[in-house]
Amino acid sequence: RKMISPQSFVATLGDELNKPVLVLLRDGKVLVGILQSFDQFANIVLEKAFERICVGQKFCDIPMGLYLIRGENVSFMGEMDLKKDDQIQRVSIEEIFQLKKKETKSWKAEIPFEDFGA
């Protein structure tokens, strides 16, 4: 497995300038926007950014405008094909939050709780 240096990673960001990119943050949030700028620390600036919340085959975009992301918070970044949006269903913010709440409740119900002792 070949490791790439931070310098070469930042250099490859230049290929993505002025293109739509998807950014997965360490906290699990997904941001989409046009890559406008970056620096040697992989801090990035997205224009026309939005947070994309997905549940199953449904999604909602929450507009965020111009957005600065610290490089240390980026887990993954790649080019975004906005034409693929037609393959999933856009829903309202209210509906996506209801779906997310149900998903979280369902996920929590599957976790077996055990007494681990102190």
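Being a predicted model, the structure only gives us computed values, none of them experimental.
Under a hydrophobic-cluster definition in which Ile, Leu, Val, Met, Phe, Trp and Tyr are linked whenever side-chain heavy atoms come within less than 4.5 Å, directly or via other members, V55 and V30 are assigned to different clusters. Using a 4.5 Å cut-off between side-chain heavy atoms of Ile, Leu, Val, Met, Phe, Trp and Tyr, with links allowed through other members, V23 and I62 fall into different hydrophobic clusters. Transitive grouping of hydrophobic side chains (ILVMFWY, heavy atoms separated by less than 4.5 Å) brings M80 and L24 into a common cluster. By the criterion of side-chain heavy atoms lying less than 4.5 angstrom apart, applied directly or through intervening Ile, Leu, Val, Met, Phe, Trp or Tyr residues, F59 is not grouped with L22; the two fall into different hydrophobic clusters. L17 is connected to Y67 through a chain of hydrophobic side-chain contacts under 4.5 Å among Ile, Leu, Val, Met, Phe, Trp and Tyr, so both are in one cluster.
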| request: Could you please spell out the steps behind the side-chain contact (heavy atoms from CB on, under 4.5 Å) verdict for I34 and K19? | output: CA-CA 5 Å; I34 308 297; K19 293 181 183 175; over 6 Å; no

| task | Determine, step by step, whether I53 and K29 satisfy the side-chain contact (heavy atoms from CB on, under 4.5 Å) criterion, reporting the C-alpha distance in whole Å, the side-chain angles of both residues, the deciding distance to 0.1 Å, and the verdict. | result | CA-CA 8 Å; I53 302 173; K29 290 182 181 177; over 6 Å; no

| request: In sequence, state the C-alpha distance, the side-chain angles, and the governing distance for E47 and Q36, and then conclude on side-chain hydrogen bond (donor to acceptor under 3.5 Å, both in side chains). | output: CA-CA 6 Å; E47 183 179 49; Q36 288 301 308; 3.2 Å; yes

| said: Pair I88, K58 - check side-chain contact (heavy atoms from CB on, under 4.5 Å), show working. | reply: CA-CA 6 Å; I88 54 179; K58 297 181 179 182; over 6 Å; no

| query | What's the verdict on side-chain contact (heavy atoms from CB on, under 4.5 Å) for N43 and I69, showing C-alpha distance, side-chain angles and the deciding distance? | reply | CA-CA 6 Å; N43 297 317; I69 303 169; over 6 Å; no

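Remark: K100 engages E103 in a salt bridge (charged side-chain N to carboxylate O under 4.0 Å, His left out) (not counting sequence neighbours).
Residue V45 is found in a hydrophobic cluster whose other members, listed by chain and number, are L66, L68; membership requires side-chain heavy atoms under 4.5 Å apart, directly or through intermediates.
The structure places SG of C60 at 7.0 Å from CZ of F97, a figure rounded to the nearest 0.5 Å. To the nearest 0.5 Å, the span separating CD on E72 from CG on L25 amounts to 11.5 Å. Distance CD/Q89 to CD1/I96: 9.0 Å, rounded to 0.5 Å.
Pairing each heavy atom of R52 with each of V32, the nearest pair is CB-CG2, 4.5 Å.
In this structure the side chain of M77 reaches within 4.5 angstrom of the side chain of L13, judged on heavy atoms.
Not a single donor-acceptor pair under 3.5 Å links the side chain of D61 to the backbone N or O of F50.
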